[in-house]
Protein chains: 2
Amino acid sequence: MADTKKPAMSASKAEILDAAAEVFMRLGADTASIDDVARQLGSTKGRIYHHFPSKGVLLAEVCLRAADFVLQKVPPVIAPDAAPEENLRQMVLTHIPEVLRTLPYHKVIIQSYVGVQQKSTTALERELFAQIQQERKAYENLFRNVLQAGMQDGSFRTQNTSIAMQSLLLLINAPVFWYRPRADEPETFVAELSAQLADMALASLR
Amino acid sequence: MADTKKPAMSASKAEILDAAAEVFMRLGADTASIDDVARQLGSTKGRIYHHFPSKGVLLAEVCLRAADFVLQKVPPVIAPDAAPEENLRQMVLTHIPEVLRTLPYHKVIIQSYVGVQQKSTTALERELFAQIQQERKAYENLFRNVLQAGMQDGSFRTQNTSIAMQSLLLLINAPVFWYRPRADEPETFVAELSAQLADMALASLR
DNA sequence: TTGACAGCATACTCAGTAGTATGTTTGCCT
DNA sequence: AGGCAAACATACTACTGAGTATGCTGTCAA
């Protein structure tokens, strides 16, 4: 495996990624123009093209950051000695709030999950999208492993693992499709939502 | 409620919709051009613009057809006197094969579920997208009703109905994201897949 | 037979957009 | 002080792609 360093992103670059995620979410990554992102920043194209060589790379880095968010939060809550059910519950309870905290990023990466093949003309873009796919598979395997462990020790019923994993992942990402933060929303809403989805997820496997 | 007639589409128009669904699925509705759709048909733009006033209307009619597919198959299997659990099972077992049979259409309509606001400049486009949203809500209500019935008679656990319904709908649409028909796939695969997802869906609610 | 219309193809226009080339400013190091 | 590079802004180019205007061909009714 190659180096898995974090290049320590500059503040300006992070600000651009935030704006891009916001705009790509609202207009769609294809429809939105670089000028749209610049307008969201209150600046011009020059700033963006100074930090990113192309629109495709900008999009790829938004998606990559989306994957990184959950990959930094979820693995630490997995306890090797804990029961699969408890592990899965903690994973879901960690995943959902983190996803909703960084919602625009995940709304963007989900656009690519629909199966639209990236055009990816340049080599750098292809490399980045390959890296995204790799991180996605790594994240999937976290869930696949806990699923298999649960089926082995009898806490989960035996069924096709791939189908169960895909369904589970989509279930815990469901709020990305419909959730919209509201001002009058109770402080505890996200936690309660996560708990309900964790219950549903676990129940669906028993 | 307005008239719910079926305008009896011409064969050529249906062929264009099939091609558009296929191309929009592959390239994304935004990225794909009208010329791409024409090339898929082995013809030129002229044919498409003879039947559809704009790209937006073409996209809307693809989405509308996607909604119609399931709306024609699922409601008939709902038996007013049957138990909610049995009704829901039949709905899922009908929904999934129909969706996979008309997969390109549903891959296109899912692109719009991500929340990308349509530009919809013309009045006709706005009307069509309003109609799509209306049919979507009608379809959601089929599931909302059976959920509430099940919670009332105790076959389903009591929980937030909207969250449960959204999660359920996404769960049964999960195969749209990952399923790809394969030549070496067993004849019974779709049926088995549907059965597994129906089990998961029902279990998640108990 | 003819005209009139449906059903396309061909050949354009024109607006928007990715990308580039070239200024301009602002720290920062020596 | 002064120079130098990072971090932008400005002003272009070239091209793609939606939409249009118009031409062509078969079919069918009167």
Side-chain angles (χ1 to χ4, degrees), chain A residues 7-20 23-24 26-63 108 111 116-126 128-129, chain B residues 7-24 26-63 108 111 116-126 128-129:
Chain A
M9 181 169 17
S10 80
S12 178
K13 206 172 167 184
E15 194 186 357
I16 293 175
L17 285 178
D18 283 346
V23 171
F24 287 171
R26 283 210 315 267
L27 305 177
D30 299 325
T31 304
S33 70
I34 296 292
D35 289 305
D36 289 330
V37 178
R39 203 171 307 126
Q40 167 85 12
L41 284 165
S43 64
T44 69
K45 262 183 165 138
R47 179 175 171 190
I48 297 174
Y49 275 102
H50 178 73
H51 290 276
F52 300 91
S54 73
K55 182 184 175 182
V57 169
L58 175 59
L59 172 60
E61 293 214 21
V62 167
C63 293
V108 172
Q111 293 174 16
V116 177
Q117 50 186 224
Q118 254 55 11
K119 299 170 276 188
S120 301
T121 159
T122 79
L124 175 57
E125 291 176 11
R126 272 190 296 273
L128 284 175
F129 278 106
Chain B
M9 183 168 16
S10 80
S12 179
K13 205 171 168 184
E15 194 186 356
I16 293 175
L17 284 179
D18 283 346
E22 173 72 24
V23 172
F24 287 171
R26 283 209 317 266
L27 305 176
D30 299 324
T31 305
S33 71
I34 296 291
D35 289 304
D36 289 330
V37 178
R39 203 171 308 124
Q40 168 84 13
L41 284 165
S43 65
T44 68
K45 265 188 184 165
R47 179 175 172 191
I48 297 174
Y49 276 102
H50 178 74
H51 290 277
F52 301 91
S54 72
K55 183 184 176 184
V57 168
L58 176 59
L59 172 60
E61 293 214 20
V62 168
C63 293
V108 172
Q111 293 174 16
V116 178
Q117 49 187 222
Q118 253 55 13
K119 299 172 275 186
S120 302
T121 160
T122 79
L124 175 57
E125 290 177 11
R126 271 189 297 273
L128 284 174
F129 277 106

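Order of the sequence lines fixes the chain letters, A, B, ..., with proteins taken first and strands second; residue numbering starts at 1 for each chain.
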Minimum heavy-atom separation for A/E125 and A/S54, please, with both atom names. OE2-OG, 2.6 Å
Compare every heavy atom of B/A38 with every heavy atom of B/I48, then report the nearest pair and how far apart it is. CD1-N, 3.7 Å
Categorize A/A38 for me: base, sugar-phosphate, or nothing, with a 4.0 angstrom heavy-atom threshold over every strand shown. nothing
Describe the nucleic acid contact of B/T44 in one word from base, sugar-phosphate, nothing, applying a heavy-atom distance below 4.0 Å.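 Here B/T44 touches the bases of the nucleic acid.
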So do the side chains of [X] and [Y] get within less than 4.5 Å of each other, counting heavy atoms only?
{"X": "A/H50", "Y": "A/S12", "answer": "no"}
{"X": "B/F52", "Y": "B/L17", "answer": "yes"}
{"X": "B/I34", "Y": "B/Y49", "answer": "yes"}
{"X": "B/R26", "Y": "B/Q40", "answer": "yes"}

With a strict under 4.0 Å distance from non-hydrogen atoms of chain B, what nucleotide opens and what nucleotide closes the contacted stretch of DNA chain C, reading 5' to 3'?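 Reading along DNA chain C, I get C/dG7 to C/dT10.
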Assuming nearest nucleotide by heavy-atom distance, tell me which of A/D30 and B/I16 is located more 5' along DNA chain C. B/I16
Trace of the side chain to side chain contact (heavy atoms under 4.5 Å, CB included) decision for B/I16 with B/L58: CA-CA 9 Å; B/I16 293 175; B/L58 176 59; 4.2 Å; yes
Under the rule for salt bridge (charged side-chain N to carboxylate O under 4.0 Å, His left out), what residues qualify as partners of A/K55, not counting sequence neighbours?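 With neighbours one apart ignored, the set is empty.
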First-last contacting nucleotides on DNA chain D - partner chain B, under 4.0 angstrom, heavy atom: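 So the outermost contacting nucleotides come out as D/dG17 to D/dT20.
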